[in-house]
Each structure stands twice: as C-alpha cells, then as structure tokens.
Amino acid sequence: MVPAYLPNPTAALCGGGTPVDFGKTWTDNRRILGDGKTWRGLFFGIFAGIAVGFLEIGLSGTWHLDYLPTLTPSPVILLAAGALIGDMCKSFVKRRIGKNRGSQWPVADQYDLVAGAFVMLAVFDPTWLMANISLPVLLVILILTPILHRAVNILGYRIKVKEVPW
Ligand code: CTP
Ligand code: MG
C-alpha cells in the first residue's frame with residue numbers, strides 16, 4: 001500500500017499552483033474540485049508513489065515475505081494513480097454536497113485513496129488483485145489506513161504543511 005499512501009502527503013508537500021479544475025465551477029456554481037487539487041500535487045504525488053513502488057520491487061528480491069502481495073509495475077502504477085484519482089472523486093462529491101475545500105468529511109477523507117486504488121486495480125488488473133489481496137490483507141488495510149491518515153495529517157499540521165490537522 002505504500003505506493004497508494006505516499007501520493008497524498010507528497011501532494012500536500014509539493015502541491016500548489018494551477019488547480020486541476022482550472023478554477024472552473026460546476027452547474028451548481030460551486031468549484032468542480034476546488035483549490036485543494038492541483039496539477040503539481042497530482043504529478044508529484046503519483047510520481048512519488050510510483051518511485052517508491054519501484055524501490056519496493058527492487059527490494060523484494062532480497063526481502064520477499066510470502067504472505068505479502070507481490071508488487072509488479074502494473075499494480076504500483078494503479079495504486080499510485082488510483083489514490084489521487086480517488087482523492088479527486090471525493091473532492092468532486094464533497095463540493096456537490098456543499099462542503100468547502102479543506103473541511104472535514106469523515107470516512108470519505110480517510111478511505112478515498114483506498115477506494116480509488118482498488119477500483120483502478122479491479123478495472124485494469126483484476127488478476128493481480130484477486131491473486132494478491134486476501135481478506136486478511138484487506139482487513140489490515142482497512143484498519144491501518146485511518147490510523148496512518150490521522151497520524152500523518154497531525155504531523156503535516158505541526159510542521160505547517162497542512163492548514164488543518166485532518
Ligand atoms: N494537494 C494538491 N493536489 C492534489 C491533492 C492535494 O495540491 N491533487 C495539496 C493541496 O494543497 C491540499 C493538500 O494537498 O490542500 C491536502 O490535500 P487534501 O486534504 O486532499 O485536500 P483539501 O485541501 O482538504 O481539499 P478537499 O476538501 O477537496 O479534500
Ligand atoms: Mg482534506
């Protein structure tokens with residue numbers, strides 16, 4: 001999951017500049033995605049996720065653990081891209097229900113990356129998904145994700161990378 005976990009904090013660190021929606025509004029006169037989703041964040045975030053995934057692939061030769069999924073380039077790319085695609089889909093719905101950029105939306109804010117990553121895997125590499133993600137692995141992901149999310153966001157707030165601790 002590291003290729004899916006790294007894109008969000010990287011986007012928070014490196015993001016800024018032109019928003020993905022170019023500042024445009026939807027038919028409800030609210031922003032399509034909002035200023036929290038930028039091209040720079042998207043690009044550096046996905047790049048970081050893919051880079052760490054390839055590092056993992058490199059290390060798996062020496063450190064492979066049988067009960068862990070076997071990473072290949074395809075799932076690495078899908079996990080990294082899926083994480084931020086999920087994040088953008090969440091922001092799209094968040095704007096439609098009237099929640100402002102940066103406001104809290106429990107559950108969705110924490111699991112958007114998991115949903116995005118898994119939808120991408122299910123669509124583009126279902127064989128890998130079925131062969132590698134067992135029920136116990138999925139359970140660990142579902143428990144670990146909100147804990148890591150909270151911890152990293154508090155850290156981001158303390159070091160003043162994030163404006164809010166969620
Ligand atoms: N970020 C970015 N580009 C992205 C995703 C994130 O630049 N594609 C940066 C933004 O600076 C954003 C920060 O990372 O404010 C934190 O991301 P997130 O919490 O997902 O965004 P929010 O500002 O909370 O916006 P939203 O309410 O739409 O989730
Ligand atoms: Mg947020």
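Whatever order the structure lists them in is the order used to number ligands and atoms, beginning at 1.
Contact atoms of ligand 1 toward Ser91: 26 (P), 28 (O), 29 (O) (distance under 4.0 Å to a heavy atom of the residue). Set against the non-hydrogen atoms of Gly15, the atoms of ligand 1 under 4.0 Å away are 7 (O). For ligand 1 and Leu42, the ligand atoms under 4.0 Å from any heavy atom of the residue are 8 (N). Interface atoms of ligand 1 facing Lys162, defined by a heavy-atom separation under 4.0 Å, are 16 (C), 19 (O). Taking a cut-off of under 4.0 Å to the non-hydrogen atoms of Lys94, the atoms of ligand 1 that pass are 26 (P), 27 (O), 29 (O).
Both Met1 and Leu129 belong to a common hydrophobic cluster when Ile, Leu, Val, Met, Phe, Trp and Tyr are linked at side-chain heavy-atom distances under 4.5 angstrom.
Relative to atom 29 (O) of ligand 1, the option among Arg95, Lys90, Arg101 with the closest non-hydrogen atom is Lys90. Distances from atom 6 (C) of ligand 1 to the heavy atoms of Gly36, Ala83, Ala108 show the closest one on Gly36.
With hydrogens and angles disregarded, a donor-acceptor distance shorter than 3.5 Å links the side chain of Tyr111 to the backbone of Leu142. Using modelled atom types, no side-chain atom of Asp112 and backbone atom of Gly86 make a donor-acceptor pair closer than 3.5 Å. Using modelled atom types, no side-chain atom of Thr10 and backbone atom of Gly45 make a donor-acceptor pair closer than 3.5 Å. No donor-acceptor pair closer than 3.5 Å links the side chain of Asp125 to the backbone N or O of Leu121. With His149 contributing its side chain and Asp109 its backbone, the two residues share a donor-acceptor pair below 3.5 Å.
Regarding atom 20 (O) of ligand 1, its nearest protein heavy-atom neighbour is Lys37 NZ, 2.6 Å. Closest to atom 9 (C) of ligand 1, if we only count protein heavy atoms, is Ala11 O, 3.4 Å. Looking at atom 14 (O) of ligand 1, its nearest protein heavy atom turns out to be Ala12 CA, 3.2 Å. Looking only at heavy atoms of the protein, atom 3 (N) of ligand 1 is closest to Thr38 N, 3.0 Å.
Ligand 1 has at least one atom lying under 4.0 Å from a heavy atom of Gly16. Residue contact check for ligand 1: Gly102 places a non-hydrogen atom closer than 4.0 Å to it.
Note: Tyr157 and Trp166 fail the aromatic proximity criterion, with ring centroids not under 6.0 Å apart.
Relative to the six-membered ring of Phe92, Arg96 meets both conditions, a distance below 6.0 Å and an angle of at most 45° to the axis.
Within the 4.0 Å heavy-atom criterion, the part of Asp87 lying near ligand 1 is the side chain and not the backbone.
Put simply, the residue from Lys37, Arg31, Arg95 that forms a side-chain hydrogen bond (donor to acceptor under 3.5 Å, both in side chains) with Asp21 is Arg31.
The shortest N or O to N or O distance between Asp109 and ligand 1 is not below 3.5 Å.
A heavy-atom distance below 4.5 Å is found between the side chains of Leu79 and Leu71.
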